[in-house]
Enquirer: 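Please read through the structure below; I'll follow up with questions.
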Amino acid sequence: MKNRRFFFVAVIFSMLFLLAACSDSHHERISLTEGWEYNLFDPALHENDFKPLEDSMLSNLENLVTDNYGYLWLRKRFSVPDTLKNKLLGCYLGRITIADETFLNGAKIGGEGLFPPHEFSAWNRARLYTIPANLILDGENELVVKIWVDGEGSIVSNPFIGEIDDATEIAKREAFWASRIQLVFAFLMFVIGLYHLLLYVKSRSEKDNFAFGLINLISSVYLFVFYYVEFPAFTGEHISFLWFQKIFSSGLPYVLPFLVTMYINSFLKRRDRKPVLFARLVFAVVPVIIVMFCPSYRVLRQMQPLLQGMLIPPMVYILIILVGKVIQRKKESLTLLIGFSPLVISVVLDFLIHSVFKFYNFPYISSTGWQLVIITLLFIMANRFANSKLEVEYLNRNLEKEVADRTKELSESNAQLSVTNDELSTAKRRADRDMQLAVYVQRSFYQKFMPDFSDWEVAYYFNPMAGVSGDLYDFFYKHETLRGVGLFDVSGHGIASGLVTMLAKTVIDRKFNEGLEKPLSQVMGEINRQIGEEKGDIENYLTGVLLRLNGNKVEYLSAGHPKAFFRSGHSGKTVPIEVKGQENGGGLIGIPMLEPEYSAIGFSMKSGDSILLYTDCLSESRNKEGKEFGYEGITRSFSNAGGAAQFQLDSILADFEKFTEGVPVNDDLTIIVLKKK
């Protein structure tokens, strides 16, 4: 509700500003929106070749010149009314594309942009030229504007001649909405982007921060085409206008839908199938390639309808995702749909205003709509982050007491059999809430982020089936050096196994770091004894694998856990990692009065080699025919998974999801991929 309220306030606020921007004060003015003549040749040599110009053509001057390329002279004859005589006047010509030189009665009064051979547009700089009093004639005056046209040419924003204070005020207003506000938003987006990328570095599992950060950074770069006129030192003399447009204006918009879809997928915890991901890449990369190979700005402009059409499928796909999730009653998808609605509304309005009703003087508002989307999404993410933090803080203070109290209440209620249905429902809701709180507390035990390790690429996937998880993983490192990895699976489900994971994680972390100089088998033996003592009579036990890393040397130990796999980076050959004599996995962990003999093996890793660790959900899950994914499926999938660690993990997950399609997964799933750099 708060997000919706903010959205509507923001829309109303921006519309009020737009209306204010479009209003004009009542000053005496000489209108320059009509009565022009045009000449395709230098009037100094072809004075009599001027022809009347239709008023509507001021915004489409490129249609007047051959091949939409060349010089054009516009002439406007006027007389100064008595109310403006003996006053300092200014000529406000609005925004001109691409470049201009302006003359009054044969004398140059101003110009912006660069003519060939080093053409550069000043399309977003409002033209305001002071008119010297000695140039004004008592009778008819002649204003001539020489314009360079290349694929586009226009004069927009209601040009006029009036008092200099009036013209200056209008020019300032135009500059504010056309460029200065874009500069402010670009700076904010840049800061927001860096902040969210920093959050991602702190917590690699929250990929929505990564996508949102990139969206903001790319948006801030794209806006440079609007606000570069605010930097007087940037004249365009040292960069090709064609490549400037290719890089900043024409290429970046096609990357944004790809990143937006990535953000939505991360936010809603969904994943695209490989064909869909490939199609998304095509619609992001192909337009950029076409843009980069355009030989001239005219061709680039001519290609725009085709290229803009390639934005439609990704945008429709985004809409399908959000609407589909709303239909499925996914609360967060409705929040996102509202968050993106300003862009949809502004794009539709721009199309109606400029393409249907031909109001070319009205400013484009799509960029404002996108900026509102960024602000709305920022509030959504900040609100979610704050809620998560409050829940974790509440859990840390009250979980143990709450669970004990609710358990006692339920036990007494069941024993007495006198509780009413309402009381049972209330107790159940409390228990459900406590279970959710337990989930947050358990996840707070895991690393919030990992550094970029100097020798290893690390990718992992952690997906509890429901409630607290019986899987636990740990990465042991110091600064940028990865020292070891552990993956364990607690038997059973529910709160008991979840509590054992938290107990075991503390023990494993302590014993591993205390035993860096001890044999790995001895370390596992101490872990086994400590967990057995501390969990007491709780029946749950653990299986697990423990790796200790030192340069290219790896020590590996399995305790009753499914086989880990080794993949050669050179050949792609994949084999199970087995300890001689323990082909079935070795002894279990945490069973009182039982002290199995653990054995470890050592081997070397080369650059590009990978190790796959996982819990038994991966190997034991079945398809519709009842067949397990099994070691055969894991071997085949891991062998075919090349590239970086994250790509290998994504490939395995895609194969697993395809195999189990239509069959619900009924266990916690954790997968870890380690790749030697």
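Keep in mind that what you see is a predicted model, and the values were worked out from it rather than measured.
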Enquirer: To check you understand the geometry: which heavy-atom pair defines the closest contact between Phe512 and Arg483, and what is its length?
Expert: CZ-O, 3.8 Å

Enquirer: What residues form a salt bridge (charged side-chain N to carboxylate O under 4.0 Å, His left out) with Glu620, not counting sequence neighbours?
Expert: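 Per chain and number, Glu620 pairs via salt bridge (charged side-chain N to carboxylate O under 4.0 Å, His left out) with no residue.
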
Enquirer: Cation-pi check for Phe258 against Arg280: NZ or CZ below 6.0 Å from the six-membered ring centre and within 45 degrees of the axis, yes or no?
Expert: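 That pair qualifies as a cation-pi contact.
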
Enquirer: Hey, what do you get for CD1 (Ile320) to OH (Tyr317), rounding to the nearest 0.5 Å?
Expert: 8.5 Å

Enquirer: Taking Asp208 for the side chain and Tyr263 for the main chain, is one N or O donor matched with an acceptor at less than 3.5 Å?
Expert: no

Enquirer: Determine whether Phe656 and Ile671 satisfy the following criterion, side-chain contact (heavy atoms from CB on, under 4.5 Å), listing intermediate values before the conclusion.
Expert: CA-CA 11 Å; Phe656 175 76; Ile671 305 174; over 6 Å; no

Enquirer: Can you tell me how far apart CG (Leu199) and CZ (Phe210) are? Round to the nearest 0.5 Å.
Expert: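 Atom-to-atom, Leu199:CG and Phe210:CZ are 13.5 Å apart.
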
Enquirer: For Arg271, enumerate each residue passing the salt bridge (charged side-chain N to carboxylate O under 4.0 Å, His left out) test, keeping only those at least two apart in sequence or located in another chain.
Expert: Asp650, Glu657

Enquirer: Please check if atom CZ in Phe190 has more than 12 non-hydrogen atoms from other residues, nucleotides or ligands closer than 6.0 Å.
Expert: no

Enquirer: Donor-acceptor pair, Asn209 side chain versus His196 backbone, under 3.5 Å?
Expert: no

Enquirer: Using the rule given for side-chain contact (heavy atoms from CB on, under 4.5 Å), can you reason through Tyr460 versus Val485, listing the C-alpha separation, both sets of side-chain angles and the distance that settles it, and then say yes or no?
Expert: CA-CA 11 Å; Tyr460 63 93; Val485 180; over 6 Å; no

Enquirer: Any donor-acceptor pair under 3.5 Å linking the side-chain atoms of Ser604 with those of Lys553?
Expert: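 Yes - a donor-acceptor pair under 3.5 Å links their side chains.
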
Enquirer: Between Lys606 and Asp609, which heavy-atom pair has the shortest distance, and what is it?
Expert: N-OD2, 2.8 Å

Enquirer: Using 30° and 60° as the class boundaries, would you call the ring planes of Tyr614 and Tyr631 parallel, tilted or perpendicular?
Expert: perpendicular

Enquirer: Could you tell me which non-hydrogen atom of Ser621 sits nearest to which non-hydrogen atom of Cys617, and how far apart they are?
Expert: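 Heavy-atom minimum between the residues: OG-O, 2.6 Å.
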
Enquirer: Hydrogens and angles aside, do Asp489 and Thr615 bring a side-chain donor and acceptor to less than 3.5 Å of each other?
Expert: no

Enquirer: Sub-3.5 Å donor-acceptor pair from the side chain of Ser219 to the main-chain atoms of Ile215, do we have one?
Expert: yes

Enquirer: Working to the nearest 0.5 Å, report the span between CG of Asn640 and OG1 of Thr574.
Expert: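 OG1 of Thr574 is found 8.0 Å from CG of Asn640.
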
Enquirer: Taking all non-hydrogen atoms of both residues, which atom of Ser619 and which atom of Ile634 are closest, and how far apart?
Expert: CB-CD1, 3.8 Å

Enquirer: To the nearest 0.5 Å, how far apart are NZ in Lys624 and OG1 in Thr660?
Expert: 10.5 Å

Enquirer: When Ser610 is tested against each of Lys676, Lys675, Gln648, Glu457 for side-chain hydrogen bond (donor to acceptor under 3.5 Å, both in side chains), which residue passes?
Expert: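 Exactly one candidate clears the test, Gln648.
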
Enquirer: Taking it one step at a time, do Phe629 and Phe659 satisfy ring pair (Phe, Tyr, Trp, His ring centres under 6.0 Å)?
Expert: CA-CA 7 Å; Phe629 191 61; Phe659 181 84; 5.2 Å; yes

Enquirer: Indicate yes or no for a side-chain donor-acceptor contact from Thr261 to the backbone of Pro257 under 3.5 Å, with no hydrogens or angles considered.
Expert: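 Pair found, side chain donor or acceptor close to backbone of Pro257.
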
Enquirer: Rounded at 0.5 Å granularity, tell me how far CZ in Phe488 sits from NE2 in His561.
Expert: 9.0 Å

Enquirer: If we ignore hydrogens and angles and just use 3.5 Å, is the side chain of Arg270 paired with the main-chain N or O of Asn265 as donor and acceptor?
Expert: no

Enquirer: Roughly how far, to the nearest 0.5 Å, is CG of Leu649 from CG of Leu674?
Expert: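 The distance works out to 11.0 Å.
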
Enquirer: Checking Tyr200 side chain against Tyr195 main chain: does a donor-acceptor pair fall under 3.5 Å?
Expert: no

Enquirer: Do Asn540 side-chain atoms and Ser491 backbone N/O form a donor-acceptor pair below 3.5 Å?
Expert: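 Yes: the side chain of Asn540 pairs with the backbone of Ser491.
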
Enquirer: Identify the residue among Ile591, Ile527, Asn528, Val500 that makes a side-chain contact (heavy atoms from CB on, under 4.5 Å) with Leu542.
Expert: Val500

Enquirer: Within the 3.5 Å criterion, strictly below it, is a donor on Glu526 or Gln530 matched to an acceptor on the partner's side chain?
Expert: no

Enquirer: Tell me the closest heavy-atom pair linking Lys274 and Ala654, and the distance in Å.
Expert: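 Of all heavy-atom pairs spanning Lys274 and Ala654, the closest is CE-CB, 4.1 Å.
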
Enquirer: Ring pair (Phe, Tyr, Trp, His ring centres under 6.0 Å), that's the test. Do Phe475 and Phe453 meet it? Break it down for me.
Expert: CA-CA 11 Å; Phe475 297 93; Phe453 297 118; 7.3 Å; no

Enquirer: Could you check whether any side-chain N or O of Asp474 sits under 3.5 Å from a backbone N or O of Gly486, counting only pairs where one atom can act as donor and the other as acceptor?
Expert: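 Not at all, since once roles are kept as given, no pair shorter than 3.5 Å links the two residues.
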
Enquirer: Please report the C-alpha distance between Val579 and Leu557 in whole Å, then the side-chain angles of each, then the deciding distance to 0.1 Å, and finally whether the side-chain contact (heavy atoms from CB on, under 4.5 Å) criterion is met.
Expert: CA-CA 8 Å; Val579 180; Leu557 187 148; over 6 Å; no

Enquirer: Does NZ or CZ of Lys677 come closer than 6.0 Å to the centre of the six-membered ring of Trp456, within 45° of the ring's axis?
Expert: no

Enquirer: Judged by atom type as modelled, is there a donor-acceptor pair below 3.5 Å linking the side chain of Thr501 to the main-chain atoms of Asp471?
Expert: no

Enquirer: Taking the ring of Phe638 and the ring of Phe565, is the distance between their centroids below 6.0 Å?
Expert: no

Enquirer: Mark yes or no for whether Asn513, through its side chain, and Asp509, through its backbone, hold a donor-acceptor pair below 3.5 Å.
Expert: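 Looks like yes, one N/O pair under 3.5 Å.
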
Enquirer: Within a radius of less than 6.0 Å around OH of Tyr556, do more than 12 heavy atoms belonging to other residues, nucleotides or ligands occur?
Expert: yes

